[in-house]
Amino acid sequence: MSELAKTYTPGDAEERWYSFWESNGYFHAEPVPGRTPYTIVIPPPNITGILTMGHVLNNSIQDVFIRWRRMQGYQTLWMPGTDHAGIATQNVVEKSLAREKLTRHDLGREEFLRRVWEWKEQYGGTIIRQLRKLGTSCDWQRERFTMDEGLSKAVQEIFVRLHERGLIYRGKYIVNWCPKDHTAISDDEVNPVEHKGHLYYVRYRVRGSGESIVIATTRPETILGDVAVAVHPDDERHRRLVGATVIVPLAEREIPVIADSFVDPAFGTGMVKITPAHDPNDYWVGQRHNLAQINIFDVSGRLTGPVPEKYRGIDRFEARRMIVQDLESAGQMEKIDDHTHAIGHCYRCDTIIEPYLSDQWFVRMKPLAEPALRAVQQGTVRFHPDRWVKTYEHWMLNIRDWCISRQLWWGHRIPVWYCGNKNSADPRCREPIVARTPPSACPHCSSADVRQDEDVLDTWFSSWLWPFSTLGWPDDNRGLRYFYPTNTLVTAPDIIFFWVARMIMAGMEVMRDIPAPDGSPRTTDAAIVPFRDVYFTSIIRDMKGRKMSKSLGNSPDPLDVIAEYGADALRFTILYLAPLGQDVLYSNEKCELGRNFANKIWNAGRFLLMNREQLGIPGTTTIHAGWSEDHIDLADRWILSRLHSTSAALSSSLEEFEINQATKLLYDFIWHDFCDWYIEMLKARLYGDEPQEIKQRVLLRALNVFEKILRLLHPVMPFVSEELWHGIEERPAGISLMTAAFPVPEERWIDPGTESEMAFVQSAINAVRNARGELSVPPSREISLLVHFTDGSKGEIISRYRNYFLRLAKVTDISELGSGKRPKHAAGLVIEGGEAFIPLEGLIDLGAERERIEKELARLHVMVGSIEQKLGNPNFVDRAPREIVEKEREKLQSMRSSIEKLKGNLERIAG
RNA sequence: GGGCUCUUAGCUCAGUUGGUUAGAGCGCUACCUUGACAUGGUAGAGGUCAUAGGUUCGAGUCCUAUAGAGCCCACCA
C-alpha cells in the first residue's frame with residue numbers, strides 16, 4: 001500500500017492491469033466439467049476496420065456480461081476474432097495497387113491474394129489491438145479469423161452438406177453489373193445519382209382485338225426483352241386485361257398480361273412491362289410468375305441475342321435513341337414526359353450500372369428459416385428489446401433465396417469444379433462437381449481438365465457459422481460440446497438479417513449432430529440454437545442526432561477519448577448513456593461524467609486508506625478478517641442495507657439486460673449514499689472521542705463495504721476497481737479482483753426500519769441545511785438547535801445522533817425546549833414528530849424568515865387543498881384501495897400539523 | 001406505401017405492473033478551498049410531462065386521433 005495520488009490517473013493503471021490479467025491467464029477458458037459455462041462470441045470486426053464508438057458500446061456491454069458472469073463463478077469464454085470482409089478488404093488493397101498504377105488483373109489472382117494476406121498480416125490486427133485498450137477480457141489465445149484454415153474447412157463443409165440436402169443450387173440472378181469494369185458490384189457500391197430523364201409512353205397492341213394499351217417506361221430499349229405486362233390485381237381499370245396477350249412493339253413477340261401486387265396503379269398508366277433480365281423488380285416478378293428471362297445485352301452493354309438484326313452490337317444508349325425514333329415512326333410512341341429519377345452509377349468508374357443476369361449460387365432459405373422462426377417465436381432465442389421479433393418474423397416469412405456467390409478474389413473460393421472435357425459424351429460432365437477436397441480428375445470421364453469455380457462466397461457465408469466454427473466445428477470436440485450454445489449475442493440491429501437470423505439457421509441446421517457435453521444427443525431447440533439472448537445495441541449519434549460518419553468528421557476516435565478520460569470513464573459513460581434499444585447522442589465532453597465518477601471512487605478509497613494508516617491498522621490485517629459487527633450504528637446498518645439492496649437491484653438489472661439502469665444504480669449508491677452520507681457520517685466517528693480500537697473496527701467495516709463496492713463496480717469499471725482493490729490491501733501475487741465473488745445480497749442486512757430511521761435523520765439534517773442556506777447563515781458559523789418533540793422516539797433519535805448533526809450541519813448543541821417557549825430571533829424548522837429552532841440572535845433577518853415560512857405555507861395549502869378534494873370525493877374513498885386512502889389521510893394530517901407549526905412560527909416572529 | 005420508435009427542466013435523458021410533493025447529469029444562481037475529492041461540497045431557481053379527446057376514484061404511465069422527430073423494409077417502372 002502506497003500513498004494514492006490526489007486524482008486518479010488512468011493511463012498507467014490500464015496498461016499495468018491489462019497485461020497482468022492477460023499474462024496470468026484470466027481471460028482464458030477451458031471446459032470444466034460440472035461448472036456452468038457462459039459464452040459470448042464477439043461480432044467479428046472487419047480487418048479493415050478501426051475502433052468506433054459503436055464498437056466501444058458493443059464491446060463494453062459484452063465485457064460487462066462476461067466479467068459479471070465470471071465473478072459469479074461461471075466458466076466464462078469470450079471468443080474474439082475478425083472477419084475477412086471480402087469486398088472492403090479487396091477494395092483497400094486494390095486502392096493501394098492503384099497508387100502503383102496496377103490493377104489486380106495485372107498481378108493475377110495468386111499474386112493479388114498474396115498481397116491481400118500481406119496487408120492482413122500488417123494491418124488486420126489494428127482493431128483487435130485497439131479493443132484491448134478498452135479492457136475487453138477476450139480469450140485472445142482462441143482468436144479466430146474467418147479465413148483461418150479451420151473456419152475455411154467449416155465453410156466448405158456446410159456448402160457441401162447443404163448441396164447434398166438440395167439446399168444449394170446454381171441459377172441466374174440479377175446483379176449490379178458495370179459494363180466498363182466487367183464485374184458485378186454489391187448494392188453498397190452502387191452510387192445512386194439523380195438523373196433528368198424521360199418517361200416514354202409506348203403503345204402495345206392487344207392480340208385479337210383492335211385495342212391497344214399504353215405502358216410507361218424509362219428504358220424503352222429494354223422492350224426487346226419484355227416477357228409480360230403486369231397490372232395490379234385490384235386495379236378495376238385493367239382487370240379485364242389479365243390473361244390477354246399483347247404484342248411487343250418492334251420485336252413483334254406475343255406476351256401475356258399478368259396480375260402482381262408490386263404494380264403501383266397510381267404511377268404511369270398502372271401497367272408495367274416486365275423485363276426480368278434487366279430490372280431487379282421485374283426479375284422478382286418473373287420468379288413469382290415463372291417467366292422467361294430474355295437477355296438482350298452483352299457484358300459491355302451492347303445489344304445482342306434475340307433482337308432485330310438492325311440493333312445488334314449497338315450500345316445501350318444509342319439503341320435507346322434508335323428505338324425511340326422507330327417507335328415514333330411506327331406510331332407507337334404515345335408521348336414523352338420529363339422524368340427525374342435516381343440511376344445507379346459504379347462507385348469506381350461512374351459508369352451507369354446495368355442490372356444484369358448472371359450465373360450465381362444460391363441457398364434455398366425456406367427450409368432453413370422455418371426452425372429459425374420457430375426458435376424466436378417460442379422464446380428459445382429471446383430478443384432484447386423484443387420489438388425486433390416482429391421485424392424478424394416479417395423477414396422470415398417473406399424470405400428470399402440467398403445469393404452466396406461473389407465475383408471477387410478475396411474470400412472463400414466456392415468448392416465447385418467443372419469438367420473441361422467438352423467432348424465428353426457423359427452429360428454429367430456438364431454438371432458442377434461439388435467436393436470437400438479438390439478433385440484431381442473428372443469423376444465421370446476422368447479428364448484431368450477440371451477447373452474450380454472462379455467466384456468466392458459472400459462474406460456472411462463464413463460469419464453465419466461463427467458461433468460454432470470458432471469452436472472447431474465441423475470437428476466434434478470438448479470445447480464445442482461444452483461452450484455451445486453460447487449465451488448472449490450483442491450486436492447492432494441493422495445486421496439482424498445478414499447475420500443474426502442466418503446464425504440461428506446455420507446452428508439449428510448442423511448442431512444437432514454434435515453431442516451435448518455429457519455425450520447425450522441434442523434433442524431440443526435450446527441445445528442447438530447458437531445463443532439464447534440477443535442484445536441489440538443502440539446507435540451512437542452526434543449531439544445533433546446525426547449518424548457518426550467519416551465524411552461528416554463527427555466520429556471521435558475512442559483511443560483519443562481513452563487517453564484523455566480513461567477507459568473506465570469511457571465505458572461507464574457510454575453504458576450510462578445507452579438505454580436498451582434507443583439511439584444515443586454522444587459527445588466526448590460527456591465522458592466527464594465517467595471521469596468524475598472514477599475520480600470520486602478513487603478519492604473515497606484514498607480517504608479510507610489514509611485513515612487506515614492514521615489509525616495504525618497493521619498492513620497484515622486483512623479487510624475481511626477485520627470485519628466486525630461490534631459498535632455498529634445507524635450509518636453502518638444503513639449503508640449495509642443500501643449495499644445489499646443495491647447489489648440485488650444491480651443483479652436483476654443485469655439479468656434483464658438493463659445495463660444503463662445498472663450503471664445508474666452504481667452511480668447513485670456510490671456517490672450519493674456512500675460518499676455524500678456514509679463517509680461524512682463516518683468522519684463523525686473517526687474524528688470523535690471513541691477509543692482508537694473502536695475507530696479501527698468502524699474503519700475496517702467501512703473498508704469491507706468499500707471492497708464489496710469495488711466488486712460490484714468491476715464489470716463496468718475494471719481498471720480503477722482493480723487498482724483500488726490492490727490499493728486498500730496487500731494481495732498475494734497474481735490475485736485479481738476479476739475472479740473475486742460477485743456480491744450476493746444478504747437479506748438480513750436489508751432493513752426498511754433502518755432505512756426509514758436514516759431517512760428521518762437525513763430529512764432533519766436537510767431541514768437545518770435548508771434553513772441555513774435560505775437565511776444565508778455562513779457555512780462556518782456554528783449553531784445550536786432547540787428541539788421540541790411530541791413524538792419522543794424521534795427526539796431520542798436526534799439526540800442519539802447529535803454527532804452527525806455536528807458533522808453534517810455544524811450543529812454544536814442540541815437542547816430540549818420547554819413547551820410553549822419559542823425564541824423570537826430564530827429560524828423555525830418543521831420536523832416529523834416535532835419542531836426545532838435555530839437561535840440566530842443578531843444574525844436572523846426576520847423578514848427573510850417570514851418569507852420563508854409563508855412560501856412553505858402557500859405550498860402546503862395548495863397540497864392540502866388537493867388532498868381534501870380527493871378525500872371529499874366519495875368515489876375515491878369507496879373505490880381506491882384502502883391503503884391508498886389511508887396514506888392520503890395520513891398525509892393530510894401531517895400537513896395540517898405542519899401548517900399549525902408554521903402558523904405558530906409566524907406568530908412567534910410577529911410577537 | 002408497410003412496420004417500428006420517440007416527444008418529460010435551457011440541453012441530454014431516467015421515470016418498472018396507473019397511486020407520496022415528477023427525478024438525475026450538464027448548464028445557471030448564491031455561498032464554501034472544512035483534515036478524500038474544486039474532476040469537490042451545501043443550498044437554490046427552472047417542468048400546464050407535444051396537442052386534443054377518451055377509459056378510470058385517480059393518467060407522465062393505458063386507449064384513440066392530430067402535430068412534429070427519427071429508424072428499418074419495400075420502392076415510382
Side-chain angles (χ1 to χ4, degrees), chain A residues 4 6-8 199 215-219 222 230 262-264 266-269 271-275 279-282 339 341-342 385 387-388 390-391 394-395 398 493-494 496-497 539 541 543 545 547 565 569 576-577 579 581-587 589-590 592-611 614 652-653 656 658 660-661 664 667-668 672 675-676 679-680 683 686-687 766 769-774 776-780 807-810 859-860 862-863 866-867 870 873-881 883-885 887-888 890-891 895:
Chain A
L4 301 184
K6 199 170 171 183
T7 51
Y8 173 57
L199 195 55
I215 291 168
T217 178
T218 53
R219 301 196 58 193
T222 63
F262 115 95
V263 180
D264 176 5
F267 191 88
T269 60
M271 290 181 277
V272 190
K273 63 187 216 58
I274 302 298
T275 318
D279 182 280
N281 288 311
D282 295 6
H339 182 63
H341 59 138
R387 72 180 131 90
W388 291 106
K390 273 194 181 175
T391 315
H394 183 258
W395 193 73
N398 296 285
D494 53 349
I496 184 168
F497 307 129
I539 294 167
R541 301 171 177 282
M543 290 308 285
K547 266 191 179 166
Y565 296 94
Y576 184 93
L577 292 175
Q582 267 175 56
D583 292 359
V584 176
L585 304 194
Y586 172 86
S587 71
E589 298 76 59
K590 286 193 171 181
E592 286 176 15
L593 175 86
R595 181 201 57 186
N596 295 355
F597 184 45
N599 191 56
K600 188 73 179 176
I601 298 157
W602 178 258
N603 272 289
R606 186 163 162 257
F607 167 81
L608 295 173
L609 187 58
M610 280 169 69
N611 279 280
Q614 238 159 55
S652 61
S653 296
E656 285 155 31
E658 301 270 1
N660 93 312
Q661 179 63 28
K664 282 183 211 306
Y667 188 91
D668 289 340
H672 296 122
C675 294
D676 288 352
I679 286 189
E680 292 309 313
K683 284 177 186 170
L686 296 180
Y687 305 146
N766 283 335
R769 284 171 166 179
N770 176 289
R772 292 189 65 129
E774 297 220 324
S776 300
V777 179
S780 55
R807 177 56 59 173
L808 279 81
K810 261 205 151 68
R859 197 178 66 85
L860 285 171
V862 169
M863 281 165 52
S866 88
I867 296 172
K870 221 184 232 185
N873 179 353
N875 278 329
F876 173 72
V877 180
D878 293 347
R879 299 199 197 180
E883 60 273 20
I884 297 290
V885 178
K887 218 186 260 179
E888 290 296 312
E890 277 168 24
K891 208 160 67 181
M895 279 178 189

Could you tell me which residues satisfy salt bridge (Lys or Arg N to Asp or Glu O under 4.0 Å) with [X], sequence neighbours excluded, listed by chain and number?
X         : value
Lys590(A) : none
Arg541(A) : Asp583(A)
Glu680(A) : Lys683(A)
Lys810(A) : none

Q.
In this structure, how many angstroms lie between the P atom of G44(B) and the CZ atom of Arg859(A), rounded?
A. 11 Å

Q. Rounded to the Å, how far apart are Arg772(A) CZ and U34(B) P?
A. 16 Å

**Q.** Leu609(A) and Leu4(A): CA distance, side-chain angles, deciding distance, side chain to side chain contact (heavy atoms under 4.5 Å, CB included) verdict
**A.** CA-CA 8 Å; Leu609(A) 187 58; Leu4(A) 301 184; 3.7 Å; yes

Q. Given that Asp668(A) and Trp388(A) both sit by RNA chain B, which one's nearest nucleotide is further toward the 5' end?
A. Asp668(A)

Q) Given that Pro778(A) and Lys390(A) both sit by RNA chain B, which one's nearest nucleotide is further toward the 5' end? A) Lys390(A)

Test ring-ring contact (aromatic ring centres under 6.0 Å, His included) applied to [X] - qualifying residues, sequence neighbours left out:
X         : result
Phe607(A) : none
Tyr565(A) : none
Tyr687(A) : none
Phe597(A) : Phe572(A), Tyr667(A)

(Q) Treating primed atoms plus P, OP1 and OP2 as sugar-phosphate and everything else as base, which nucleotides of nucleotides 36-42 of chain B get B, S or - for protein heavy atoms under 4.0 Å? (A) BBSBSSS

Q: Go along nucleotides 8-19 of chain B 5' to 3' and tag each nucleotide: B for a protein heavy atom under 4.0 Å from its base, S when only backbone or sugar atoms are that close, - otherwise.
A: ----SSS----B

[atom1] spacing across the pair [N] / [M], given as an integer number of angstrom:
N      : M      : atom1 : value
U48(B) : G10(B) : P     : 8 Å
C62(B) : U17(B) : C1'   : 12 Å
A22(B) : U8(B)  : C1'   : 8 Å
G58(B) : G19(B) : P     : 15 Å
C26(B) : G41(B) : P     : 9 Å
U42(B) : A24(B) : P     : 12 Å
A59(B) : U64(B) : C1'   : 15 Å
A14(B) : G60(B) : C1'   : 12 Å

Q: For RNA chain B, produce a single dot-bracket line, 5' to 3'. Pairs: Watson-Crick or G-U wobble, both distances under 3.5 Å. Symbols: ( ) within strand, [ ] crossing, | other strand, . unpaired.
A: (((((((..((((.....[...)))).(((((.......))))).....(((((..]....))))))))))))....

**Q.** Lys887(A)/Glu890(A) ion pair, N-O < 4.0 Å
**A.** no

Backbone N/O of [Y] and side chain of [X]: donor-acceptor pair under 3.5 Å:
X         : Y         : answer
Asn603(A) : Thr7(A)   : no
Arg769(A) : Leu808(A) : yes
Asn660(A) : Leu577(A) : no

Q: Would you mind classifying the nucleic acid contact of Arg807(A) as base, sugar-phosphate or nothing, using non-hydrogen atoms under 4.0 angstrom?
A: nothing

Q.
Taking NE2 in His672(A) as the centre, count heavy atoms belonging to other residues, nucleotides or ligands within less than 6.0 Å. Is the count above 12?
A. yes

Distances for protein N or O near nucleotides 73-77 of chain B N or O, under 3.5 Å:
unit_1 : atom_1 : unit_2    : atom_2 : d
C75(B) : OP1    : Asn281(A) : OD1    : 2.8
C75(B) : O3'    : Asn281(A) : ND2    : 3.3
C76(B) : OP1    : Asn281(A) : ND2    : 2.2
A77(B) : OP2    : His339(A) : NE2    : 2.9
A77(B) : O3'    : Thr217(A) : OG1    : 3.2
A77(B) : O3'    : Thr218(A) : N      : 3.0
A77(B) : O3'    : Thr218(A) : OG1    : 3.2
A77(B) : N6     : Asp264(A) : O      : 3.0
A77(B) : N6     : Phe267(A) : O      : 2.7
A77(B) : N1     : Asp264(A) : N      : 3.2

